[in-house]
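Reviewing the structure listed below.
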Amino acid sequence: MHDNRLPCYSVKVEIPNEVGRPAATYYLVRADSQTAAIKAVEQVLPGAWAAVEATLSLVRRETVEALDLHPGMPRQI
């Protein structure tokens with residue numbers, strides 16, 4: 001059976017707020033490493049937002065195509 005999943009990273013981003021506890025959002029990015037995924041996401045983040053962790057995820061090729069997910073180009077999920 002052919003494995004049709006591609007390695008991607010789910011990158012957690014913390015968003016500061018007035019309450020004191022940061023909110024979180026996630027980006028999905030195709031990258032060769034955790035470091036590359038975090039760097040790709042940090043390039044598109046506004047001011048005080050910070051990428052805090054990246055987790056390897058295997059994503060179906062059909063999903064990658066549907067999201068138009070290109071290497072090094074993060075997509076907020």
Side-chain angles (χ1 to χ4, degrees):
M1 184 161 121
H2 185 269
D3 188 7
N4 71 344
R5 296 178 294 170
L6 298 172
C8 296
Y9 286 87
S10 171
V11 180
K12 180 180 178 183
V13 173
E14 289 187 346
I15 305 165
N17 61 32
E18 293 88 30
V19 180
R21 295 189 80 183
T25 190
Y26 292 84
Y27 285 79
L28 188 62
V29 61
R30 286 176 60 190
D32 295 330
S33 68
Q34 286 180 319
T35 302
I38 289 173
K39 285 182 182 179
V41 170
E42 286 178 339
Q43 289 179 358
V44 300
L45 295 178
W49 293 25
V52 294
E53 67 180 301
T55 305
L56 180 62
S57 304
L58 294 176
V59 180
R60 294 177 60 112
R61 187 174 304 275
E62 296 86 4
T63 303
V64 169
E65 291 171 1
L67 291 173
D68 197 27
L69 196 60
H70 298 284
M73 296 179 65
R75 173 79 72 187
Q76 189 172 4
I77 53 174

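Just so it is clear, the structure is predicted and the values come from calculations on it, not from any experiment.
When hydrophobic clusters are built by joining Ile, Leu, Val, Met, Phe, Trp and Tyr residues whose side-chain heavy atoms come closer than 4.5 Å, directly or via intermediates, L6 is not grouped with M73. Tracing side-chain contacts under 4.5 Å through hydrophobic residues (I, L, V, M, F, W, Y), one reaches V59 starting from Y26; they form part of the same cluster. Grouping the Ile, Leu, Val, Met, Phe, Trp and Tyr side chains by contacts below 4.5 angstrom, directly or via other members, places L69 apart from L56.
When all heavy atoms of V44 and P74 are compared, the closest pair comes out as CG2-CG, 4.1 Å. Closest of all the heavy-atom pairs between V29 and A40 is CG2-CB, 4.1 Å. Scanning both residues, A23 and N17, for their nearest heavy atoms gives N-ND2, 3.8 Å. Between A54 and Y9, the shortest heavy-atom contact is CB-CD2, 4.1 Å. Counting all heavy atoms, side chain and backbone alike, I38 lies closest to A51 at CG2-CB, 3.8 Å. Nearest heavy atom pair, residue P7 against residue L58, reads CA-CD2, 3.8 Å.
The CD atom of E65 lies 10.0 Å from the NE2 atom of H70; values are rounded to the nearest 0.5 Å. A distance of 7.5 Å separates CD1 of I77 from OG of S57, quoted to the nearest 0.5 Å. Taking CZ from R30 and CZ from R75, the interatomic distance works out to 12.5 Å, rounded to the nearest 0.5 Å. We find the NZ-OG1 distance between K12 and T55 to be 9.5 Å, quoted to the nearest 0.5 Å.
When side chains are defined from C-beta on, Y27 does not count as touching S10, because their heavy atoms never get closer than 4.5 Å.
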